[in-house]
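Small disclaimer: the values here were computed from a predicted structure and weren't measured. Sequence lines set the chain letters: A, B, ... in the order given, protein chains first and strands last, and positions in each chain run from 1. Hydrogens, waters and symmetry mates are skipped; everything else that's a heavy atom, side chains included, is used.
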Amino acid sequence: MYKRELRLVSENLYEIEKKGSMNVPGRIYANDNILRSIDINVLSQIENVASLPGIISYSLAMPDAHWGYGFPIGGVAAFPFPDGIISPGGIGYDINCGVRLMKTGITYREVQKKIRPLTDKLFQNIPLGLGQGAIYRPDKAELSKILSRGAQYIVEKGFGDKEDLQRCDSNGCIPEADAEAVSDRAKERGLGQLGSLGAGNHFIEIDVVEEIFDEHFTREAGIFKGELFLMIHSGSRGLGHQITTDWISILMKEIRKKDIFLRDRQLVYTEANTEAGKRYFSAMNAGANFAFANRQLMSHKIRTMFTQYLSNQARVELICDCCHNIAMKESINGKNIIVHRKGATRADPKEKTIYGNKSFSSPVIVPGSMGSGFHLLSPEEKCADTFFSLPHGAGRLLGRKQACRKFKENDIKKELMNKGIYVKNYSSEGVSEEAPGAYKGLEDVVETVTKVGLARSILRGRPVGNIKG
DNA sequence: ATGTGC
């Protein structure tokens, strides 16, 4: 569509040349289908991010990129540390939104007839929907521990095991977190939402392993074709949202005092080594820890529920937990940097996770829309080109309101049921906003990154049951 | 994404 502005670098990789106030070129990963569907706003957002001070190498967009607050969702941008910037817009309101993948040890065939009651049971046991409930209600002192220690604290409380932490990004805890940098209002919202799914694109899905591409991995991990899998997509709920709201307002006030030109106010940033920068970073990490704790509580609840309901046949084990809305301190070529990933997943082939008796490059889960399941990817060397990042999903094609107008809840549920996917939802928007037609194709996203050599697919799953807020 | 608003 916008081929004139994009220069083909190599198959499925395009560049927006550096012009005007841009400090670096932009780069976007896309196959032909994705390229046709690129939103013009995403291109300008890539350019806006490229104009931020100190940005290293490229302003990047993954194939699932779509329009977001300041930065595109599906955007990756790195800045030097300590002499560089950090920007809430490059992280997203839902701090440490992420996806968790679990195996169950049971075959789909065994429980085929129970998928509907199983999905309903998930729906009854997991608090979901806007502003709704919690699995565990901590007191204020406990919440502080959760903000500083994340899933590690939750596992110590008995909700999970050591292996859960080993297979979780950052072992379920970002150390540089400070509960003191989180407002009372944010904490208040968090107290009642620990262990809850939320709304929007958040979901829990029951999937079946449909195709295996890397038998070496699956053999060691004990995964088999036809195995029932579970996927949880959720984040830091109202707490993370409030942290972002608070800090955007603080940083906006600060930046107004300075003589700084912003192409877009939503790109508001602070220098990472200032008092504000350090406090924002620790508040953001506190939000990230809350999200780890949140996903851990839900998976533990599901684990006990599954073993009870299926009379101990099930063994629910974590495969991976991938953050996709976070900025992390990392190093590249011996230099310290802060990588912003907003709707993008960290993917470093050198980072290992143990499955069975062997260690493998930590895998990355890429879910599609409600109708399409997921791919489990293994990062490859080429990820050095993306600051070690991969896409986080299929990526929206239509805005929420647009999707709501176009798709009706009952039509979509019927369509999905015909494809063998049972959906249990809290609100009608939960289905119409998230209709498969509102998303890009998962296979296009996966094809883009595999052809470029950023990753290869380990396995593919197809959905059979889904709960939504 | 979100008790959806400066």
Q. Using a cut-off of 4.0 Å on non-hydrogen atoms, how would the nucleic acid contact of G238(A) be classed: base, sugar-phosphate, or nothing?
A. sugar-phosphate

Q. Do any pairs count as a ring-ring contact (aromatic ring centres under 6.0 Å, His included) and have a residue in residues 168-199 of chain A, sequence neighbours left out, and if so which ones?
A. none

Q | Whole angstrom value for the distance that separates P of dT2(B) from OH of Y69(A) | A | 17 Å

Q. Which whole-number value in Å describes the distance from R256(A) CZ to dC6(B) P?
A. 12 Å

Q) Over how many whole Å does the gap from I248(A) atom CD1 to dT4(B) atom P extend? A) 16 Å

Q | 5′-ward residue of the pair E429(A)/Y93(A) relative to DNA chain B | A | Y93(A)

(Q) Whole angstroms only, please: what is the NZ-P distance between K468(A) and dT2(B)? (A) 10 Å

**Q.** Gap between atoms CG and P, on D246(A) and dT2(B) respectively (whole Å)
**A.** 16 Å

Q | ring-ring contact (aromatic ring centres under 6.0 Å, His included) contacts in which one or both residues fall within residues 392-446 of chain A, not counting sequence neighbours | A | H324(A)-H392(A)

Q) Just how far, in rounded Å, is P of dT2(B) from CD of E433(A)? A) 11 Å

(Q) Both E434(A) and L130(A) contact DNA chain B. Which one's nearest nucleotide lies toward the 5' end? (A) E434(A)

**Q.** Over all atoms of both residues, closest heavy-atom pair of P127(A) and I135(A)
**A.** CD-CG1, 3.7 Å

**Q.** d(CD1, I73(A); P, dT2(B)) in whole Å
**A.** 13 Å

Q.
Does K468(A) qualify as a cation-pi partner of F203(A), given the criterion of NZ or CZ under 6.0 Å from the six-membered ring centre and within 45 degrees of its axis?
A. no

Q: For G235(A), report the nucleic acid contact type (base, sugar-phosphate, nothing); a contact means any heavy atom under 4.0 Å.
A: nothing

(Q) In this structure, how many angstroms lie between the P atom of dT2(B) and the CD atom of Q193(A), rounded? (A) 8 Å

Q: Using a 4.0 Å heavy-atom cut-off across all strands, classify R400(A) as base, sugar-phosphate, or nothing.
A: base

